[in-house]
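Inspection log for the structure reproduced underneath, given as structure tokens.
Note that ligands are numbered from 1 as they come in the structure, with each ligand's atoms numbered from 1 the same way.
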Amino acid sequence: MDFITWCGLFKIGHPIIDEQHQKLIKIANKFHADMQSREKELLIPDTLNNLIKYVEFHFDEEIKIFQKKGYPEVEITRHSEIHENIVKDIFKLNERFSEGKYDSIHEVERFLTDWIVLHILQEDMKFKYHLKNR
Ligand SMILES: [Fe+2]
């Protein structure tokens with residue numbers, strides 16, 4: 001069974017965003033599944049590099065969709081700032097790991113789960129209501 005199960009709760013109601021969020025969840029699930037079998041020295045940088053590439057692409061796409069769908073400018077600015085902070089956090093995590101400051105793989109796991117799940121449920125969900133009320 002997956003570590004995080006994709007279900008209706010995560011649905012924003014925009015097919016591209018929903019598909020990309022599923023891919024993010026897949027990255028977290030793969031990390032969880034590989035934790036038992038791969039060395040953390042390889043698994044953590046691999047996952048974080050993969051994540052950063054995908055997240056930058058996804059955040060860009062998300063903002064373009066927000067603009068296309070008339071999401072208020074003030075919300076887009078606020079949301080972009082949150083995205084920037086997430087990207088910074090991923091870089092920080094990667095840096096801390098390469099400096100040997102990360103001894104627990106579970107901290108990385110918790111970071112992955114927390115931001116992916118919370119960002120979708122708390123922040124991206126606001127766009128769902130915008131889409132619904134157009
Ligand atoms: Fe977002």
Side-chain angles (χ1 to χ4, degrees):
M1 201 182 134
D2 282 338
F3 183 55
I4 307 170
T5 309
W6 171 266
C7 67
L9 267 181
F10 287 108
K11 263 197 177 161
I12 303 297
H14 188 286
I16 297 174
I17 296 181
D18 285 336
E19 194 195 305
Q20 294 182 355
H21 284 166
Q22 285 183 63
K23 166 91 180 165
L24 284 174
I25 290 177
K26 248 189 202 159
I27 294 176
N29 282 339
K30 185 159 176 16
F31 182 83
H32 181 76
D34 289 351
M35 271 169 66
Q36 319 303 326
S37 55
R38 286 189 69 196
E39 288 289 316
K40 69 177 180 183
E41 283 69 21
L42 294 173
L43 176 62
I44 292 176
D46 264 14
T47 304
L48 294 178
N49 287 328
N50 193 9
L51 184 69
I52 201 81
K53 265 188 261 159
Y54 194 71
V55 147
E56 285 182 328
F57 161 75
H58 164 64
F59 284 172
D60 230 50
E61 292 281 292
E62 210 175 68
I63 297 298
K64 277 187 210 150
I65 291 167
F66 286 177
Q67 286 164 337
K68 215 163 91 188
K69 297 286 180 188
Y71 201 34
E73 207 50 52
V74 57
E75 289 301 327
I76 296 182
T77 307
R78 212 182 60 84
H79 203 105
S80 299
E81 281 167 14
I82 296 172
H83 282 173
E84 275 168 33
N85 284 329
I86 293 172
V87 171
K88 274 188 206 151
D89 284 347
I90 301 172
F91 275 117
K92 248 189 260 166
L93 190 64
N94 212 358
E95 217 176 273
R96 285 190 58 188
F97 180 76
S98 55
E99 288 167 356
K101 289 178 185 156
Y102 252 85
D103 50 350
S104 166
I105 198 165
H106 296 286
E107 279 182 67
V108 180
E109 182 188 39
R110 202 174 52 227
F111 169 82
L112 282 175
T113 322
D114 281 1
W115 87 253
I116 292 173
V117 171
L118 290 179
H119 183 71
I120 296 174
L121 294 183
Q122 291 179 344
E123 298 304 329
D124 294 338
M125 212 40 84
K126 294 176 187 163
F127 179 66
K128 176 181 177 169
Y129 299 107
H130 166 79
L131 276 182
K132 262 193 182 166
N133 298 324
R134 285 174 89 220

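The pair Glu75-Arg78 counts as a salt bridge, with a side-chain nitrogen and a carboxylate oxygen less than 4.0 angstrom apart.
A 6.0 Å sphere centred on NZ of Lys128 holds more than 12 heavy atoms belonging to other residues, nucleotides or ligands. Within a 6.0 Å sphere centred on NZ of Lys26, other residues, nucleotides and ligands contribute 12 heavy atoms or fewer.
Of all the N, O or S atoms in Asp124, the one closest to the Fe ion (ligand 1) is OD1. For Glu62, the N/O/S atom at the shortest distance from the Fe ion (ligand 1) is named OE1.
Residues His79 and Asp124 bring a donor and an acceptor atom of their side chains to less than 3.5 Å of each other.
Partner of Glu62 under the side chain to side chain donor-acceptor pair (under 3.5 Å) criterion, chosen from Gln20, His21, His14: His21.
The distance from the Fe ion (ligand 1) to the nearest N/O/S atom of Glu123 is not under 2.8 Å. Taking backbone and side chain together, His58 holds no N, O or S atom under 2.8 Å from the Fe ion (ligand 1).
Vertex the Fe ion (ligand 1), arms ending at NE2 of His119 and NE2 of His79: the angle is 100° after rounding to 10 degrees.
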